[in-house]
Every structure is written in structure tokens, then in C-alpha cells.
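Counting convention: from 1, in listed order, for ligands and their atoms alike. For the single chain, residues carry numbers from 1 onward in sequence order.
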Amino acid sequence: MEPDLPVKAPAYVRADGTLGYDMDESFRDSIGTLDEKGKRKWVFAKKTKGRFTTLRTLVSIVLLGFLFAAPLVRINGNPLLLFNILERKFYILGQPFWPQDFYLVVLGFIASLAALALFTVAFGRIFCGWICPQTIFMEMVFRRIEYWIEGDAPAQKRLSAQSWNLEKTWKRSLKHLVFWGISFLIGNTFLAYIIGSEQLFEIITSSPADHIEGFIGMVVFTTAFYLVFSQFREQVCIVACPYGRLQGVLLDNNSVVVAYDYSRGEPRGKFRKGEERTLGDCINCYQCVQVCPTGIDIRNGTQLECVNCTACIDACDDIMTRIGKPRGLIRYASQNEIALKQPFRFSGRMKGYAVVVALLLGLILTLLFTRKDVETTVLRMPGSTYQELKDGSYANIYKYQLINKTNRDMAIELHLLEPTGGKAEVTRADKHLVVPRGAMLAGQLVVTLPYDRIKGLKTEVTIGVYVNGALADQQTVNFLGPIK
Ligand code: SF4
Ligand code: SF4
């Protein structure tokens, strides 16, 4: 039986006596969705079924449920997640975060990047295939709608090639209408993460003229998602996503990726029932290529286009079962596992990333648990000077800002701690400051010092912030006095 190989050079004999082949690597000259002239090749991916598809469907249902429900969920009356960049107010797991906590956000972001890098070094683009919203929406929502309306890949190809008759018109119109509706839903959900669900409902239920910015945001988000999922599709993963671009530097021979076991599959060749097989297990049926949503042939090796969606694993497992061979010709495996039969090992690089992630997580947790409940800012009123009072003491006026970072209202008192003998008083009529949970209170404060406590032009004064009678924070500022 003759092998059916994409060979460029004749076969050679390896040191261990097995046959090796110089593969034609010209596929690496361009991405899989471009033809020789650089024109986009539309991918008509075939429907898949199998254990990975089922598992991914279940994971997607859970993640989509979370994505759509999270803006509506409240913890102690606070949103579960809110990233209100317009009002600079953030809630993570119901905990309020302010711009003053930005260092935590930055550290969290760095830790997430390090964790993602570790994950990628160990398990390749598993995030892309299982968790990334782009893949989930594209493969589990939009492509399934396409199957439902236009049929499987061959029917889609036929429809695309035929002229605009009644069938093509109604199928395409229905598809794009549904795509637009789902994009509207996704756009609104993302908007809810930014402005909050209450404000979103207000925008939806009132005239666009009353909320022109919100309405524009809604249209922009909806249009962007519609264009991504109806036109740009897999190109997001191939050419736009920066994480995808990083694969080349993150993956090594120990990374577990969706891989074709060429040592078992080659030399590939047609399957003939009843005939004794002298070739490898790959029967060159192209099922793995036909299901690939990024239009590649995984048998060529790891490629930047592969989003580890596992469709080719299911397709090939199905073929292997039919021809009576063990599953796993395409499977999660590292290059070293396939070439050298080495089991998975935690490489030095992985250990290094793990240490960085652990350190960052430790730092974030420490900072989170030692975060003050109340954040105080006291600044001297710009342009003001000291004032001499009738009793011979001197006064300075300050601006204060109190941020309550907890989920309960706070009764706050401000007292002068240093130097003794003076006092700090808020200028408002109601001297009992109550800062509602997750809110900010600002006002003016007058600090008075007797003459003998003033050191000269600048005297340091410390103001204590008491919550329910206990000292919770303190601020030291300069007090302007007469030159002595
Ligand atoms: S090669 Fe396989 S895992 Fe990679 S994108 Fe294509 S079908 Fe998905
Ligand atoms: S599905 Fe499996 S047998 Fe068929 S071409 Fe792909 S690797 Fe070979």
C-alpha cells in the first residue's frame, strides 16, 4: 500500500530505523484562511459531536449563564461585578473598590497575566478553547444558529455559492436578524458590567433622547459584536488577539496542546476494508480538517491558528472508532510525549511561573486583608492662609474626603491627635458624619491650634478618623501659622 503523504523530499531512515519524512512546510507561509492571492477563505466548519464537544457545551452553558446573570446578582445589596470606569467605581465579588485601590487592580492584572502565561506554558491555548468568550460565542452560539438555519457545512457552502433566490434570501435574512438580536443581548450585558443593571434598565425603558450617551453605547456595542461574530469571526483569534500572538514564545516541547500523533498516524493512507494495514493509523479522511473552525490541518503540527477547540479530536476519535483503532490519534499531548514518549513533566519554566504567580497572589491577599475600611484624604484648602481668632489661637481650613469601603454605613468622627491642645471640627451643621456603605463623603474641616503649639510657618498636625469610637485611619498635614 502506497503512503499518501504531503512529502517534499524522499523519506529517510532515522537512527532508530524508522522512516522519517521531510514535510512540506509551505503552509506556514500564510495563515490558513487566506488563499495564494491573500483573499479571505470563508471557513465552513463541519458540525462535530463527541465527548469533548459535549463537555465543552456543558462548560459553555455554565459560563454563559454566569456572564449573563452576574450583572443582576447582588451581594449585600452590592453588584457582584461592576466596572464603572465612567464614575470610577468598581465592585468585585460585591466588594467596593475605588481609584485609590487601583494598585490592587494592577497587581491583580499582573497576577492574571502570569497565571495565564503559566497555564499556557503547561497547557497551551486551553483557555481559548474552553473559556474565552470569543470562542464560546462563536462556536457554541453563533455557529450553532448557522447550523440550525443554513444546515451543516456542505449545505452552507451550497447556499453561499447559489444566486440570491428566495431560499438564500430568507435564510440569510433570518440568520442575520438572529445574529443582530443576540449581539444586542451581548452588547447590553457588557454595558451592564460598566454602568450597572439598574441604569441599563432605565435606558432600555425610556426614550433614547433621555439617555443619548447610553443609547449610543448600546448601538456601538451591538454593532461591534454583530460584525465580530458575523464577519470577522475566527480572524479575531488568528490576527487580532494579542494572547494568540504570544503562543510562539510561551509554548515549548513540554506544553500540552491539541496534537496529532504523527508517530502513530504516519505514513498516512486510504483505509480499505478487509485489507491488512501496513500504513499508519491516519486514513487521510480529512475529517479533522473539515471540522476545524480556523481552517487548518492539525496534522501539519502546532500552528498559531489553532485555538485548541478539540473539534478535530472528536472528529478523529469517531473515525478511529469506526475503523477499529484506539482513540487519541489527535489528542492533548506534548511534543515530547509524541516524539520521545515522555510523560508530562513540570518543567523549570513552569516552576518559575508558578513561583511568580504564588508570590503575586500572596501579595494581593495580604494587601486585600490589610486594606483599610475607610480611606481618608485631607488637604489644605488651596489658596487659603491662616486666620487669627479672638482668643489668640490660629485656624486653618482643609478639605476632607472619606470613602467607606465596607458594606455597612459608618458613623465617623474626626479628632485632632497631634499636637494636643488644639481641635479639629467639620464646618457642617450636622457634626455627626455618616458615610453610607460603598459611598464617599466630602466636606470642609477647620483645625484650630493655640499659639504656643505652633512651631512657625509649618506645623505638622495629625487628624484621627474614628469609626464607631475606634481609631480607623489617620492623616498628617501641614498647618500654616505665623513666622515665629
Ligand atoms: S486544529 Fe483542532 S483544536 Fe485546533 S482549531 Fe482546528 S479543530 Fe480546533
Ligand atoms: S480525522 Fe484522523 S484519520 Fe482522518 S485525516 Fe484527520 S488525523 Fe487522519
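Closest protein heavy atom to atom 2 (Fe) of ligand 2: Cys316 SG, 2.3 Å. In terms of protein heavy-atom proximity, atom 6 (Fe) of ligand 2 is nearest to Cys288 SG, 2.3 Å. Protein heavy atom at the shortest distance from atom 3 (S) of ligand 2 is Ile283 N, 3.5 Å.
Residues Gln401 and Thr376 bring no donor and acceptor atom of their side chains to less than 3.5 Å of each other. The closest side-chain donor-acceptor pair between Arg144 and Thr57 falls under 3.5 angstrom. A side-chain donor-acceptor contact under 3.5 Å links Glu266 and Tyr260. Side-chain contact, His211 with Ser206: a donor N or O sits under 3.5 Å from an acceptor N or O. Remark: the Ser230 side chain and the Lys175 side chain contain no N/O donor-acceptor pair separated by less than 3.5 Å.
Residue contact check: Met320 has heavy atoms under 4.0 Å from atoms 3 (S) of ligand 2. Close approach to Ile330 involves these atoms of ligand 2, each under 4.0 Å from a residue heavy atom: 7 (S).
Taking 2.8 Å as the threshold, Cys282 counts as a candidate ligand of atom 8 (Fe) of ligand 2, since one of its N, O or S atoms lies below it.
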Identify each donor-acceptor pair in which a side-chain atom of residues 41-53 lies under 3.5 Å from a protein atom, sequence neighbours left out, and give them as a table.
| from | atom 1 | to | atom 2 | distance (Å) |
| --- | --- | --- | --- | --- |
| Lys46 | NZ | Gln287 | OE1 | 2.8 |
| Arg51 | NH2 | Asp317 | OD2 | 3.0 |
| Thr53 | OG1 | Asp314 | OD2 | 2.5 |

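Salt-bridge formation is not detected for the pair Arg158/Asp152: no Lys NZ or Arg NE/NH1/NH2 atom is positioned less than 4.0 Å from an Asp or Glu carboxylate oxygen.
Considering Cys285, Gly265, Gly280 only, the shortest heavy-atom separation from atom 4 (Fe) of ligand 2 involves Cys285.
Each salt bridge (charged side-chain N to carboxylate O under 4.0 Å, His left out) pair with one or both residues in residues 60-78, not counting sequence neighbours, appears once here: Arg74-Glu198. Residues in residues 302-323 take part in no ring pair (Phe, Tyr, Trp, His ring centres under 6.0 Å) pair, two or more places apart or across chains.
Here 1 is the count of protein N, O or S atoms positioned under 2.8 Å from atom 8 (Fe) of ligand 1, waters not counted.
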